[in-house]
Amino acid sequence: MSVDLSVNIGGLHLKNPVLTASGTFGYGREFSRFMDLNALGGIVVKGLSLEPSRGNPPPRVVETASGMLNAIGLENVGLAAFIKDKLPYLRTLDTAVIVNIYGQTVEAYAELAERLSDCDGIAALEVNISCPNVKAGGIAFGADPQSAHAVVAAVRTRSQRPLWVKLSPNVTDVTTIARSAADAGADALSLINTLTGMAIDVETRRPVLANVTGGLSGPAIKPVALRMVWQAAQAVDLPIVGIGGIMNTIDALEFLIAGAAAIQVGTANFINPSTAVEIVDGLTRYCEEGAIRRLSQLTGSLVTSARE
Amino acid sequence: MLQFEASVLWNAAVSEDVYHLGLTAPSDFGRARPGQFVMVRIPRAPGALLRRPFSIHKLIFDGGRRVSGFELLYKTVGKGTHALINYRIGDTLPILGPLGSSFSANKPWRRVFLVAGGIGVAPMPFLADRLLAKRLNPEDCHVFIGGQSAADLLCQDDFRALGVPLTLTTDDGSAGDQCLITHPVEAALDRSPPDALFACGPMPMLACLAGFLEQRGIFAQVSVESMMACGMGACLGCALPVRDTHAPYRHACIDGPVFDLDQIAV
């Protein structure tokens with residue numbers, strides 16, 4: 001039986017619903033030694049800003065129970081170097097390239113979106129309003145419905161690319177931000193970014209991370225992510241890209257059933273660099289064994305009727 | 001092959017908290033260079049999600065010149081390494097590697113110092129072996145090893161077998177002179193300076209070396225460690241400060257772990 005894994009995310013056709021999450025997959029090329037990148041549904045590249053950014057001082061990462069905290073602080077090469085050094089390679093790939101963008105002001109987001117829209121080889125933009133590790137930008141826009149609306153609306157007027165908006169779990173009600181982003185013209189929502197957390201060295205009584213707090217990722221956050229994807233999928237009429245602790249095919253299926261149209265693999269890339277392609281294979285087998293012709297049928301198929 | 005499953009050949013204690021692990025590898029692991037590292041996943045470590053980085057200690061040859069495995073020398077410091085000691089012959093471990101930069105072992109050095117502090121000696125036997133293979137005279141490959149006490153002075157037999165001069169120091173005087181290893185290094189630098197110095201050990205040791213090597217203009221490389229998640233330049237977690245406080249950070253996994261000493265702030 002041939003299985004159709006393809007999905008449509010707000011007008012963008014993906015050959016399958018498995019992407020790699022921003023900040024966990026470099027600019028793609030780093031992983032070409034481990035897999036055929038063309039097997040992926042898409043690659044979301046490292047968060048990009050207009051100017052290069054050094055990121056936060058070290059230490060930046062620490063392992064926690066079934067997860068890790070990071071406070072990288074969006075270190076990146078900046079727009080000019082991205083276009084010159086990273087994009088030419090990405091263009092050679094037969095997979096969707098999604099550029100994650102952030103700025104310190106609404107205008108910076110909009111300008112970056114506009115300048116990227118002039119570039120070939122970019123399938124969509126993912127607007128990052130949810131990084132917990134930078135003071136300005138990121139979460140400053142993602143925790144408040146009006147600010148989120150302002151950023152997304154500004155980007156929308158300056159770019160014709162499909163627009164995904166990456167949401168933070170560090171809010172009281174993710175559905176209010178989801179609705180704001182939808183009202184402002186988002187084509188899809190990706191969630192969740194990391195959960196703010198911290199770790200302390202009891203010998204020195206210092207925070208382990210130089211930034212004091214960081215973003216928690218990995219299997220530890222999967223149940224929270226799943227719940228938020230489920231909530232967001234019911235609150236808005238937009239495709240949801242599910243993210244949060246996905247380590248294997250079963251995890252990916254849970255997100256699809258909860259309402260995600262596609263998923264992103266993040267922290268798992270650090271542990272097993274070929275996780276994402278293994279999930280593509282796993283989804284194919286799941287469909288074959290369950291006689292599911294189109295994987296997209298699974299999206300939102302959660303059964304909530306009374307148990308017998 | 002950069003990602004493979006290795007079988008444990010042996011896993012033996014060499015001191016109270018240091019173990020020597022032999023692992024199989026595909027023959028193309030022979031491209032590994034001294035100073036490079038591997039990322040090891042330790043599935044049996046409860047709650048240890050991430051791989052752990054280890055310097056390559058030595059290569060294992062299958063009788064001829066074909067590489068059939070490699071060795072690690074590791075100290076039990078956290079839940080990963082404490083679980084690692086329970087792996088037995090025939091058990092498997094997922095490996096990524098060899099990764100990262102290496103010591104400049106292929107240049108025609110005439111006189112070299114190797115300086116190691118504690119478990120920082122791990123990459124040095126591989127390095128010494130390569131230097132001698134490049135026709136460096138054993139007597140011109142002076143090895144300095146420092147530790148807290150005699151049990152911390154590892155790999156002495158390896159270096160004796162290579163016939164290289166060996167200077168030892170301990171903090172408690174239980175072996176060698178009771179002083180920091182940097183003392184005899186500095187004295188030897190003045191007596192008969194090398195044209196290269198390679199070091200691995202605690203940051204204070206590297207900082208001390210940087211101080212007196214800079215004055216003398218001697219080429220030096222150091223291997224550093226850092227917390228890291230991926231080992232391949234994706235997470236950017238292993239950032240290291242550089243001397244210019246406005247310059248981009250370097251990353252221990254892809255720019256390092258071996259750096260020219262003047263490239264990073266130690």
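This is a predicted model, so every value here is computed, not measured. Protein chains get the first letters and strands the later ones, always in sequence-line order, with residue 1 at the start of each.
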Quiz prompt | Within-4.5 Å side-chain heavy-atom neighbours: A:Pro58 and B:Ser226 | solution = no

Quiz prompt | Other residues, nucleotides, ligands: >12 heavy atoms within 6.0 Å of B:Glu225 CD | solution = no

Exercise. Give, for atom CE of B:Met227 and atom CG of A:Leu209, the distance between the pair rounded to the nearest 0.5 Å.
Key: 7.0 Å

Practice problem: Compare every heavy atom of A:Arg60 with every heavy atom of B:Leu236, then report the nearest pair and how far apart it is. | Solution: O-NH1, 2.8 Å

Quiz item: Are there residues of residues 25-37 of chain A that reach to under 4.5 Å of chain B by heavy atoms, and which ones?
Solution: A:Phe25, A:Gly26, A:Glu30, A:Phe31, A:Arg33, A:Phe34

Quiz prompt | Sequence-distant partners of B:Arg88, salt bridge (charged side-chain N to carboxylate O under 4.0 Å, His left out), two or more places apart | solution = none

Self-check item: Interchain contact, B:Ala48 with chain A, by part (heavy-atom threshold 4.5 Å)
Solution: both

Quiz item: Can A:Glu63 and B:Arg51 be counted as an ion pair, charged N to O under 4.0 angstrom?
Solution: no

Quiz item: Residues in side chain to side chain contact (heavy atoms under 4.5 Å, CB included) with B:Leu72, at least two apart?
Solution: B:Leu21, B:Leu23, B:Val38, B:Val40, B:Phe54, B:Phe70

Quiz item: Where does B:Met228 contact chain A at under 4.5 Å (heavy atoms): side chain, backbone, both or neither?
Solution: backbone

Quiz item: If you look at every heavy atom in A:Ser66 and B:Leu49, which pair is closest and at what distance?
Solution: C-CD2, 4.0 Å

Quiz item: Would the number of heavy atoms belonging to other residues, nucleotides or ligands and lying under 6.0 Å from CZ of B:Arg31 be above 12?
Solution: yes

Quiz item: Relative to chain B, which segment of A:Thr267 carries a heavy atom at a distance below 4.5 Å: side chain, backbone, both, or neither?
Solution: side chain

Quiz item: Which region of A:Pro52, side chain (C-beta onward) or backbone (N, CA, C, O), has a non-hydrogen atom less than 4.5 Å from a non-hydrogen atom of chain B, or is it both or neither?
Solution: neither

Exercise. Quick one: pull up CD1 in A:Ile72 and SG in B:Cys235 and give me the separation to the nearest 0.5 Å.
Key: 5.5 Å

Practice problem: For each of B:Cys238, B:Gly237, B:Pro46, tally heavy-atom pairs with chain A at distances under 4.5 Å, and name the one with the top tally. | Solution: B:Gly237

Quiz prompt | Toward chain A: residues of residues 248-266 of chain B with heavy atoms under 4.5 Å | solution = B:Pro248, B:Tyr249, B:His251

Quiz prompt | Residue A:Glu51 excluded, over 12 heavy atoms near CD under 6.0 Å | solution = no

Practice problem: State, to 0.1 Å, how close B:Gln3 and A:Pro273 come at their nearest heavy-atom pair, and which atoms those are. | Solution: NE2-CD, 3.6 Å

Exercise. Mark yes when over 12 heavy atoms from residues, nucleotides or ligands other than B:Arg243 sit less than 6.0 Å from its CZ; otherwise mark no.
Key: yes

